[in-house]
Amino acid sequence: MIENLPFTRFVVILKGIEQKGKIPFGYVKIQAIVDTVNFEIVIQGLEETEDKMTFWGVVKKSDGYSPVFLTALSKPQKGDIVQFLSTSRFNLFKSSLKLSDLFGFAVAKEKKGEPNFILIGSFDDSSLYEMERDILRSFEKGESKKNGDKKDMDNHDEKKRWK
């Protein structure tokens with residue numbers, strides 16, 4: 001977690017999650033001056049796909065770490081993304097999050113609105129394992145809940161038909 005100092009600079013190394021034998025890697029360089037935050041996002045080793053790339057902040061909630069959408073990233077060029085972004089320190093990308101609320105970052109590929117997290121990084125390396133576990137678990141729960149809802153609807157329709 002970053003303190004609210006007038007000037008601060010951090011680099012967060014992004015750990016890749018294996019995807020089809022490839023492990024992407026990268027970093028996020030953060031520089032905060034007064035009320036402006038500049039991000040330099042560098043990601044390498046991506047496979048070139050038509051998926052939308054998104055940048056997420058990671059916050060800590062009572063039940064663990066949770067990702068919060070911040071912004072979309074540019075399309076990979078030859079498997080790499082290099083992007084410079086600037087935003088307000090006290091309302092990151094209009095998400096109503098402050099820079100000091102974040103514990104780390106995540107990058108996801110999105111297809112049909114479903115995020116698939118491929119990179120995760122933390123300000124404090126000791127919490128990286130917990131962060132990765134919580135993010136992936138919450139994503140899987142969301143998936144299973146959606147699938148369960150669909151099955152419930154199918155069962156409901158089946159019962160309705162037989163009445």
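Fair warning: this is a prediction, and the values are worked out from it, not measured in the lab. Index from 1, following the sequence.
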Worksheet item: Within a strict 4.5 Å, meaning less than it, do heavy atoms of the V12 and I30 side chains meet?
Response: yes

Practice prompt. Give the C-alpha distance, both sets of side-chain angles, the deciding distance and a yes or no for side chain to side chain contact (heavy atoms under 4.5 Å, CB included) between V58 and L102.
Written response: CA-CA 6 Å; V58 178; L102 298 181; over 6 Å; no

Worksheet item: Any side-chain heavy-atom pair from N38 and L85 closer than 4.5 angstrom?
Response: no

Item to complete: Kindly say whether the aromatic ring centers of F39 and F84 come within a distance under 6.0 Å.
Response: no

Worksheet item: Which is it for Q31 and V37 under the side chain to side chain contact (heavy atoms under 4.5 Å, CB included) test, yes or no, and what are the steps along the way?
Response: CA-CA 6 Å; Q31 180 172 304; V37 180; over 6 Å; no

Item to complete: Check the pair K15 / I120 against side chain to side chain contact (heavy atoms under 4.5 Å, CB included), numbers first and verdict last.
Response: CA-CA 5 Å; K15 175 187 173 278; I120 297 174; 5.6 Å; no

Fill in: NZ-CD distance between K29 and E40, expressed to the nearest 0.5 angstrom
4.5 Å

Worksheet item: Quick one: are K52 and T54 in side-chain contact, heavy atoms under 4.5 Å?
Response: yes

Show the atom names and distances, to 0.1 Å, of all donor-acceptor pairs under 3.5 Å that link a side chain in residues 92-99 to residues at least two apart or in another chain.
from, atom 1, to, atom 2, distance (Å)
S95, OG, L92, O, 2.6
S95, OG, L97, N, 3.4

Worksheet item: Do V107 and L14 come close enough that some side-chain heavy atom pair is under 4.5 Å?
Response: yes

Worksheet item: Quick one: do L128 and F25 end up in the same hydrophobic cluster if we chain Ile, Leu, Val, Met, Phe, Trp and Tyr together by side-chain heavy atoms under 4.5 Å apart?
Response: no

Worksheet item: Could you state the interatomic distance from CG (L46) to CG (L119), rounded to the nearest 0.5 Å?
Response: 7.0 Å

Discussion item. Counting neighbours of CZ on F90 that are heavy atoms of other residues, nucleotides or ligands and sit closer than 6.0 Å, is the number greater than 12?
Written reply: yes

Discussion item. A quick test of your reading: do over 12 heavy atoms of other residues, nucleotides or ligands sit less than 6.0 Å from CZ of R9?
Written reply: no

Discussion item. Does the plane of the ring in F103 sit parallel, tilted or perpendicular to the ring in Y65? Use 30° and 60° as the thresholds.
Written reply: perpendicular

Worksheet item: Looking at NZ of K60 and CG of D101, how far apart are the two atoms once the value is rounded to the nearest 0.5 Å?
Response: 13.5 Å

Practice prompt. Flag the pair R89 / T8 as yes when at least one side-chain heavy-atom distance between them is below 4.5 Å, and no otherwise.
Written response: yes

Discussion item. Is there a path of hydrophobic side-chain contacts, each under 4.5 Å between heavy atoms of I/L/V/M/F/W/Y residues, joining M53 to V68?
Written reply: yes

Discussion item. If hydrophobic clusters are built from ILVMFWY residues whose side chains come within less than 4.5 Å, do W56 and Y27 share one?
Written reply: no

Residues 74-82 side chain polar contacts: donor-acceptor under 3.5 Å, at least two apart:
from, atom 1, to, atom 2, distance (Å)
S74, OG, Q83, OE1, 3.3
K75, NZ, E50, O, 3.3

Practice prompt. Indicate if V11 and V42 have the same hydrophobic cluster label, given that clusters are the connected sets of ILVMFWY residues with side-chain heavy-atom separations under 4.5 angstrom.
Written response: yes

Item to complete: Report yes if the distance between the aromatic ring centroids of F105 and F123 is under 6.0 Å, otherwise no.
Response: yes

Fill in: Any S86 side-chain heavy atom under 4.5 Å of T36 side chain
yes

